[in-house]
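In listed order, ligands and their atoms are each counted from 1.
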Amino acid sequence: MNQWPAWLPLRQNLRELSPYGAPQLPADAVMNTNENPYAPSPALAKAIADRVSEVALTLNRYPDRDAVVLRTKLAGFINGLSGTDFDAKNLWAANGSNEIIQSLFMAFGGGTALGFTPSYSMHPLIAKVTQVQWLNGSRREDFSLDIDSAISQIQRDKPTLTFITTPNNPTGSAVTVDEIEKIARLTSGLLVVDEAYAEFSEETSAVTLIKKYPHVVVIRTMSKAFAFAGVRLGYLVADPAVIDAMFLVRLPYHLSALTQAAGEVALDYKDELLGTVAQLRTDRDRVAAQLTEMGLNVIPSASNFLLFSGFDMPSAQLWQAMLDRGVLIRDVGLLGYLRVTIGNEAENTKFITTLSACLGEK
Ligand SMILES: *Cc1c(COP(=O)(O)O)cnc(C)c1O
């Protein structure tokens, strides 16, 4: 544990924490943070650069505090995907969906927050930093979500915020929109559906529930399928009352003019940016089959990563052995499991051959 100096008046509840973050290490195959492995095309890079150089001429001024153009475009994007009729009043944009999560805690963390673990570790961590009491809800042994049990847990604890991550990170499994609707129908508080990997899943998005159930709010991001992690752009789709509350807790001008400009251009290139999703899904299924052939267990995944087990050495040891051979995957802290992000063809091949070597050698 970090030894903080006595003179430093750090909050008591932060003293025991370590900074979050997957190791950012050099490797031949970087397969640990669920990014899309395919870089933007030169044409898109040029379109972004052109737009940014226009905006650069006005950087003496603050950006549009309400990011209306970007939020309008995001609404159009979601409407195109889900057949909804949202406008800017239903959309909020921020520096990654992590900032969205933080804003939700700041606005609605007056009670407790509940999530079903194992799930995205930033949910409890941001709860801690914003001083909201976090409740660990449970899943089945195989990490799938038991909907009736989830409903009882929510009804018992009455959290003001309940998190459902689908497809779930780190397990990759998804719940159906009917299951989310059942939860929404029988519970109150805000039901936060974190859809960071939605584009990889065949399930209908929970954005289609918002009209009927205004307490359903949906978090999306450009960091994963959308292949735009470096820009830091996440967004929230919700009833306008929820968005109004975001205005209360946001910092003034939180989204830079450069981020807004890049995001707007990216949405014009959405077909290119999402063009690799089908490929990644096919590759995911192929890598999953290869892992199964090697005698490993793989949780069925609706995302761009796989959680696997069945190797007979400690996760940390296999993780290190892989890294020593140039393949960076993720130890998510689940005993006996490791997670791999689907990469490009060369990375996937390197992953499989390296894993076979590591498991054969020990
Ligand atoms: C990666 C991830 C996010 C965060 O993404 P940002 O880059 O902050 O938009 C949010 N939720 C889940 C479940 C994730 O896996």
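Protein residues with a heavy atom closer than 4.0 Å to ligand 1 are Gly96, Ser97, Asn98, Tyr120, Thr165, Asn169, Asp194, Ala196, Tyr197, Thr221, Ser223, Lys224, Arg232, listed by chain and number.
For Tyr120 and Phe163, the ring centers sit 6.0 Å or farther from each other. If you look at Phe311 and Tyr337, their ring centroids are not closer than 6.0 Å.
Leu14 and Leu125 end up in the same hydrophobic cluster when Ile, Leu, Val, Met, Phe, Trp and Tyr side chains are linked at under 4.5 Å.
Put simply, the residue from Arg51, Arg71, Lys270 that forms a salt bridge (Lys or Arg N to Asp or Glu O under 4.0 Å) with Glu264 is Arg51.
For the pair Asp66 and Asp64, the tightest heavy-atom approach, listed with the atom from each and the gap, is N-OD1, 2.9 Å.
Looking at Arg139 and Asp146, no side-chain N of the basic residue comes within less than 4.0 Å of a carboxylate O on the acidic one, giving no salt bridge.
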